[in-house]
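One structure below.
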Amino acid sequence: MSIRHGLLALLERGPRYGSRLRTEFESRTGSTWPLNVGQVYTTLSRLERDGMIVQDGSDDAGHDLYTITDDGRTELRNWFGTPVDRTSPPRDELAIKLAMAVGAPGVDIRDVIQSQRSHTLKAMQDYTRLKAQALADVPANRDEVAWLLVVEQLIFQAEAEARWLDHCESRLVRLAEAAATEPAADPGPAAPRGPARTPAGRTRSKN
């Protein structure tokens, strides 16, 4: 849905053609979520089908231009005014991986956590460098400000993931320590033994 509404937001600034929308979308988000032209035109077709946009002539180079409609503006205002739903979060590959690694034969989940932590911290450092580069000069336009917001979100997300990985490792350590200190289960009294039997099934006398 973010592509759909992102294109509507760009079209609210004026008529645009497909490849320009792609370029502006990537510029606004710092190419964090690259689009291909096929995605753009597929989304434009659906928006046109739903009455959110219309084709409105062409530019001097012959590109078909798209214009947002009143219904599209209403849809966009509703999107801006509605919180992003977190009650049905998308599947997170890392969370699924760790959940499946718990108790998996031949898998040391601590190695999985340490490997992911190294990758996450490196990504956070890379994002921090990008932020420093962006702040070297005061953001001069809305695209630069938008990209700064995106890269800061990526930094916060990486920081949160690193903290969660630390928490996962600490929890596993506590569980392992608790399991090591649990007393062995009492097997209970031994079951009484019956009289011995001969191979033929007859009871053998004890005298």
Side-chain angles (χ1 to χ4, degrees), residues 1-97 119-161:
M1 296 300 290
S2 58
I3 296 175
R4 172 186 176 94
H5 292 100
L7 296 183
L8 284 175
L10 294 172
L11 287 172
E12 192 177 37
R13 297 168 61 181
R16 280 158 172 71
Y17 54 88
S19 58
R20 180 179 174 184
L21 286 167
R22 174 197 176 196
T23 299
E24 291 189 6
F25 184 96
E26 292 187 348
S27 175
R28 185 64 66 89
T29 60
S31 298
T32 304
W33 303 284
L35 297 177
N36 60 55
V37 174
Q39 283 179 293
V40 172
Y41 280 104
T42 297
T43 305
L44 290 173
S45 295
R46 291 172 179 167
L47 288 170
E48 188 175 17
R49 177 200 64 194
D50 296 340
M52 304 294 174
I53 64 173
V54 293
Q55 287 193 34
D56 187 19
S58 58
D59 64 7
D60 294 339
H63 299 118
D64 291 332
L65 297 175
Y66 294 86
T67 302
I68 192 170
T69 64
D70 289 341
D71 287 344
R73 289 189 177 87
T74 299
E75 173 76 10
L76 186 60
R77 295 277 82 73
N78 289 337
W79 181 59
F80 282 134
T82 303
V84 175
D85 185 14
R86 299 300 188 192
T87 59
S88 300
R91 294 181 183 89
D92 184 278
E93 182 178 357
L94 177 56
I96 295 172
K97 180 187 290 187
H119 175 81
T120 300
L121 292 177
K122 182 181 183 304
M124 185 167 61
Q125 292 168 357
D126 291 341
Y127 296 145
T128 302
R129 280 194 293 269
L130 289 174
K131 177 182 176 180
Q133 293 171 6
L135 291 175
D137 298 317
V138 177
N141 56 57
R142 70 181 76 189
D143 286 345
E144 292 180 2
V145 172
W147 162 232
L148 186 59
L149 294 178
V150 170
V151 76
E152 287 176 333
Q153 191 270 345
L154 294 173
I155 292 171
F156 292 144
Q157 191 175 53
E159 289 175 343
E161 184 170 284

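In summary, the side chains of D85 and T87 do present a donor paired with an acceptor at a separation below 3.5 Å, with no hydrogens or angles considered.
More than 12 heavy atoms of other residues, nucleotides or ligands lie within 6.0 Å of CG in N78, so this atom counts as buried by the packing criterion. Heavy-atom contacts from other residues, nucleotides or ligands closer than 6.0 Å to CZ of R142 number 12 or fewer.
Contact record, I155 with M124: O-SD, 4.2 Å, taken as the closest heavy-atom pair. The two atoms that bring E161 and L94 nearest to each other are CD-CD2, 3.6 Å, heavy atoms only. Residues P15 and R20 share a closest heavy-atom pair of O-NH1, 4.3 Å. Here the closest non-hydrogen pair linking A9 and F80 is CB-CZ, 4.3 Å. Shown here for L47 and L7, the closest heavy-atom pair between the two residues is CD1-CB, 4.4 Å. The two residues L44 and G18 make their nearest non-hydrogen contact at CD1-CA, 4.1 Å.
Taking CZ of R16 as the reference point, atom OH of Y66 lies at 14.5 Å (rounded to 0.5 Å). Between Y127 atom OH and Q157 atom CD the span is 7.5 Å, to the nearest 0.5 Å. Atoms CD and OG1, from Q133 and T128 in turn, are 11.0 Å apart once rounded to the nearest 0.5 Å. Between the CZ atom of R49 and the CZ atom of R46 there is a distance of 6.5 Å, given to the nearest 0.5 Å. Between L149 atom CG and T29 atom OG1 the span is 12.0 Å, to the nearest 0.5 Å. Going from atom CG of L121 over to atom CG of D126 covers 11.0 Å, rounded to the nearest 0.5 Å.
Looking at T43, its side chain does come within 3.5 Å of a backbone N or O of Q39 through a donor-acceptor pair. Without hydrogens or angle criteria, R77 side chain to E75 main chain gives no donor-acceptor distance under 3.5 Å. Between the side chain of R22 and the backbone N or O of L35 there is at least one donor-acceptor pair closer than 3.5 Å.
Counting heavy atoms from C-beta outward, L148 and E144 have side chains that stay 4.5 Å or more apart. Under the 4.5 Å side-chain criterion, counting only non-hydrogen atoms from C-beta, H63 is not in contact with S58.
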Give the intermediate values and the outcome of side-chain contact (heavy atoms from CB on, under 4.5 Å) for residues D59 and Y17.
-> CA-CA 9 Å; D59 64 7; Y17 54 88; 3.4 Å; yes

Start with the C-alpha distance between T67 and I53, add both sets of side-chain angles, then the distance that settles side-chain contact (heavy atoms from CB on, under 4.5 Å), and finish with yes or no.
-> CA-CA 5 Å; T67 302; I53 64 173; over 6 Å; no

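Between E24 and R28, no side-chain nitrogen of the basic residue sits less than 4.0 Å from a carboxylate oxygen of the acidic one, so the salt-bridge criterion is not met. Between R4 and D50 there is a salt bridge, with a side-chain nitrogen of the basic residue lying less than 4.0 Å from a carboxylate oxygen of the acidic one.
Listed by chain and number, the residues in a ring-ring contact (aromatic ring centres under 6.0 Å, His included) with F25 amount to none (sequence neighbours excluded).
When each of L65, T69, L21 is paired with L11, the side-chain contact (heavy atoms from CB on, under 4.5 Å) condition holds for L21 and for no other.
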